[in-house]
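The shown structure was predicted, so the numbers you read here are calculated from the model rather than taken from an experiment. Reminder, nothing fancy here: chain letters follow the sequence lines and each chain counts from 1. What you see below is based on every heavy atom in this structure, not just the backbone, and it leaves out hydrogens, waters and symmetry mates.
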Protein chains: 2
Amino acid sequence: MPDPSSTAAAHVPSDVSSGPRATIEDVATAARVSVATVSRAMRGLPNVAAATRQRVVDVAQSLNYRPDPAASRLAAGKTKTITVGVPSLNGWYFSTVVAGAEAVCNEAGYEFQVIGVGSHDARDRLLDDRYHLERRTDGLILVDVEPSDEQASALARRGVSLTTIGARIVGCPSVQIDDEHVGRLAADHLIGFGHRDLGVISGLDDDPMNFAVPMARRSGFFGGAAAHGITLGDEHVRNGNFGVDGGRVATAELLDAPRPPTAIFAMSDEMAFGALMELEHRALRPGVDVSIIGVDDHEFARVVKLTTIRQTIAEHGAVAARLLIEAMTVRATDAGVDYVPPAHQPTVELVQRTTTGPAPTS
Amino acid sequence: MPDPSSTAAAHVPSDVSSGPRATIEDVATAARVSVATVSRAMRGLPNVAAATRQRVVDVAQSLNYRPDPAASRLAAGKTKTITVGVPSLNGWYFSTVVAGAEAVCNEAGYEFQVIGVGSHDARDRLLDDRYHLERRTDGLILVDVEPSDEQASALARRGVSLTTIGARIVGCPSVQIDDEHVGRLAADHLIGFGHRDLGVISGLDDDPMNFAVPMARRSGFFGGAAAHGITLGDEHVRNGNFGVDGGRVATAELLDAPRPPTAIFAMSDEMAFGALMELEHRALRPGVDVSIIGVDDHEFARVVKLTTIRQTIAEHGAVAARLLIEAMTVRATDAGVDYVPPAHQPTVELVQRTTTGPAPTS
DNA sequence: ATGAAAGCGCTAACAT
DNA sequence: ATGTTAGCGCTTTCAT
């Protein structure tokens, strides 16, 4: 024990990386202030002399000091973490949304967690009071997952900020396109080409994690058709489960009907890809024998020249993250009262490629 | 101050959800043991009477108690978090890997973080000593990202377990296919069809986050060709950047060469899709005029009938997560000595569809 | 503007 | 087998 001067001798500008990490106390003694002042200075709180703050920051820097996240959390009760819950990470749509959110969150200094909530069980486990989500995260982004009213309000009560994509929860920021409009756009486009025999490949109806989207698109499509005097019913729609395979069998069913459609609206590009496969299988030419329109503008839509209704998915994720962070900030900083959570509605855009075309003059 | 009995009156079996969370102390007093015993009991540590453990667990359950992660972290220094660093979340390959890892990690009770490390800068920021990664995560999975030797050993020193996918770091578990073999497989397949004029679309060479993979595949392909008396050189390879667009322009360049290839090996399906687009653009029939083989078995490979070398990506992520957890466990539990980190080599499989076929008899 | 001190809820020696 | 007691590194009143 050569050095009895306990912890006080902390003036060492030892630059050798990776010893035991400097603590707030090391910084405090080195800067000749109290830990409280260091804490204030580092977080930009008021009541710190400019000179003092500067000194503290410099010392912290030279000591390679960073507040320990665990300690901060324990003391302050905030996690500086954002979690996104998605039905699945597989699938272009979800992973793209996640990518958009990740960039924003990490950029803003939040840790970014993701958790798969593919089933109702998984969803409930996450949202359930027993998971203590509020101790793990400050904010939650739910993608195409609709929490129950109780779950949503419980989250708020527990201090977890919520924002949704593809759904709308009162009191929470949301990002959601106008799905009715999407349906109408598709109908107009197809009918504009002279098609009168229409089919639609819908998303899942049976195990509805989020049936709102398919419903709205269907309703928009039906409405658009009706405006042109075309009446559509259940017999014109098949469920494709938002997957390639589903899209393919749905197409087969549609085409096997007594009066097969000459144009098909697939509610997602992935299902449209399945439709294309089935067409090829039957030696039907897309855009001439049968027209197909999808939704998303999936990265491979252009590979197969799919006409589709584009939405800017990555943007959705990024915007949601920003809205969430804003909501958390506002709510904390000043009078979070009279803060109206924005319901962002991204625009969509029809991009025509070659899988749609004039109705065959049978 | 109506109740002087301080904290002792904690026998309330109040079942109303979402009050202030029960702490370990609540459990302790309710179970009439000390907090230490609760801690032991809850974590399955030895030296707890079976009866006691049962009682504690029951009480904890009835109190809806969960240890506070932040408190555990602070006290124990472990985060129960696993982080995966990927060059990007966009792109089927990475998001699929992440999906595989996510499932395993959350299943095993780890929080799951993801962080994009698309550039050298981002990578270094994450791995740099100044980021204090060890305070945020117990284990790191790096996907197609090669840390420097110093970074890797620094991680170990700092207590962050590392496992890699698509790379090999000494002392760390890894998941990596035999990329040379992939190249050879492709060469054999193409040459087996009688092709002698070969082209290859490689991954990025200039900004090499991970040039090992392209190099190995190329070397395997060249070797395979050489075995059949075909000599290949730089002039037969173009960089496609692992993207659709890159694949397309690479293909164009290849086809515009004085002696254009009749068969092309694309190192990823995405680049192969680009190749297919270029073929279509030139009215060349895949599998008859020009053969294309990819790597991955991307979910849309079958949509366009792409012949490819399948690897089970999601599995890679899952296996990596399992190996990582195992490594962390072993290292902690018993004699972590003489633990040899496994280098898992998943198998690949050629799946032939219609984009490859006999060489045209020009 | 700054400091002292009391926790935050847990784990880990060290008793017993 | 169980209890006692220090911390872990911060934030946050409350003084000054």
Partner set under side chain to side chain donor-acceptor pair (under 3.5 Å) for [X], not counting sequence neighbours:
| X | result |
| --- | --- |
| A/S39 | A/R43 |
| B/T81 | B/R73 |
| A/R136 | B/E111 |

Degree of bending, the helix from C/dA1-D/dT16 to C/dT16-D/dA1 (end axes from five pairs; round to 10°): 30°
Separation of [N] [atom2] from [X] [atom1] (nearest whole Å):
| X | N | atom1 | atom2 | result |
| --- | --- | --- | --- | --- |
| A/M42 | D/dG9 | CE | P | 16 Å |
| A/D68 | D/dG9 | CG | C1' | 6 Å |
| A/R21 | D/dC10 | CZ | P | 12 Å |
| B/E25 | D/dT2 | CD | C1' | 16 Å |
| A/L63 | D/dG9 | CG | P | 14 Å |

Electrostatic pair A/R158:A/D129 at N-O distance under 4.0 angstrom: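 Answer for the salt bridge query: yes.
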Check ion pair B/E146-B/R168 (N to O, under 4.0 angstrom): no
Contact interval (first through last nucleotide) of DNA chain C with protein chain B, 4.0 Å heavy-atom: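 Counting from the 5' end, contacts occupy C/dG9 to C/dA13.
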Salt bridge (charged side-chain N to carboxylate O under 4.0 Å, His left out) pairs, two or more places apart, involving residues 55-69 of chain B: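 Every pair satisfying salt bridge (charged side-chain N to carboxylate O under 4.0 Å, His left out) with a residue in residues 55-69 of chain B: A/R135-B/D68.
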Taking only residues two or more places apart in sequence or in another chain, which ones pass side-chain contact (heavy atoms from CB on, under 4.5 Å) with [X]?
| X | result |
| --- | --- |
| B/V57 | B/R53 |
| B/A103 | none |
| B/S153 | B/R157 |
| B/T164 | B/L142, B/L162, B/A167, B/I169, B/S174 |

Reference residue A/V38; test side-chain contact (heavy atoms from CB on, under 4.5 Å); the match among A/T52, A/D26, A/T23, A/V56: A/V56
Between CD on residue A/Q113 and OG1 on residue B/T83, distance to nearest 0.5 Å: 8.5 Å
Distance in Å, A/E102 CD paired with A/I82 CD1, rounded so as to fall on 0.5 Å steps: 11.0 Å
Base-contact (B) and sugar-phosphate-only (S) positions in nucleotides 11-16 of chain D, heavy-atom cut-off under 4.0 Å, - elsewhere: BBB---
Sorted by number, the residues of residues 47-58 of chain B with heavy-atom contact under 4.0 Å to DNA chain D: B/N47, B/V48, B/A49, B/T52
